[in-house]
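Step one of this worksheet: look at the structure below.
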Amino acid sequence: KNNSIKKKEMILKKKAKNIDELFTGVATNNQKKINLSEKNRIKFPVEGNIISKFGERKEAFPLKNGLMIEITDAKYVISPINGIVKFAGKFMNYGNLIIIENKGSYHSILSGMDEIITDSGNKVLKGQPIGKNYFKKLFEKKKIYFELRYKGKSIDPKREVEIL
């Protein structure tokens, strides 16, 4: 099972010209709608300061479909949702990138972590570590990109998340 997932992942990495094409290649979107009650809410993948908001495009952060979060000491990046890892690996200039899909047609896209500690095809639980950051210098700041999509459409993660 994992070999076929890895093979599909390699083909997609070569074919996809941008994150939208990669997302379209891995998303199944055949899931049923779920109700986001308080206990089912999505979590931030790390604690930190939001330095680029949803819909905001800054020169240093050209992606506007998600949030850029600056962190100073979060060693782990956690899964914001319960789901299945549809993609885990390096992709273009995004670096290490993870796409997670859940039963409610939500997809979480995360990039910027130093190491991915999960694999494509793995089931993950909300709050489970999926990536790792290494801080080599005192006061080193890292940035994590967090995008949330519902039925393929980017939505503001701040409207759907509970703060850790």
Exercise. So, Asn82 side chain and Lys126 main chain: donor-acceptor pair closer than 3.5 Å or not?
Worked result: yes
Problem set entry | Side-chain (Thr118) to main-chain (Ile130) donor-acceptor, under 3.5 angstrom | no
Exercise. With sequence neighbours left out, what residues match Lys123 under side-chain contact (heavy atoms from CB on, under 4.5 Å)?
Worked result: Ile84
For this session: Check side-chain contact (heavy atoms from CB on, under 4.5 Å) between Asn96 and all other residues, then give those that pass, not counting sequence neighbours.
Result: Lys90, Met113, Ile116
Exercise. Rounded to the nearest 0.5 Å, how far apart are CG of Asp119 and CD1 of Ile98?
Worked result: 9.5 Å
For this session: To the nearest 0.5 angstrom, please state how far the CD1 atom of Ile81 sits from the NZ atom of Lys103.
Result: 12.0 Å
Nearest non-hydrogen partners of [X] and [Y], listed with the distance:
X	Y	result
Ile144	Gly112	CD1-C, 3.7 Å
Ser108	Phe146	OG-CE1, 3.5 Å
Ile117	Lys132	CG2-CB, 4.4 Å
Ala88	Ser120	N-OG, 3.2 Å

If we only count heavy atoms from C-beta on, is the [X] to [Y] side-chain gap below 4.5 Å?
X	Y	value
Lys143	Ile51	yes
Ile100	Phe87	no
Ser154	Glu147	yes
Lys75	Asn133	no
Tyr150	Ser105	yes
Tyr145	Leu110	no
Arg149	Ile109	yes

Exercise. Honestly curious: do Tyr76 and Leu67 fall in one hydrophobic cluster under the side-chain, below-4.5 Å linking rule?
Worked result: no
Exercise. Is there a side chain to side chain contact (heavy atoms under 4.5 Å, CB included) between Leu148 and Asp156 once you walk through the steps?
Worked result: CA-CA 7 Å; Leu148 188 63; Asp156 186 351; over 6 Å; no
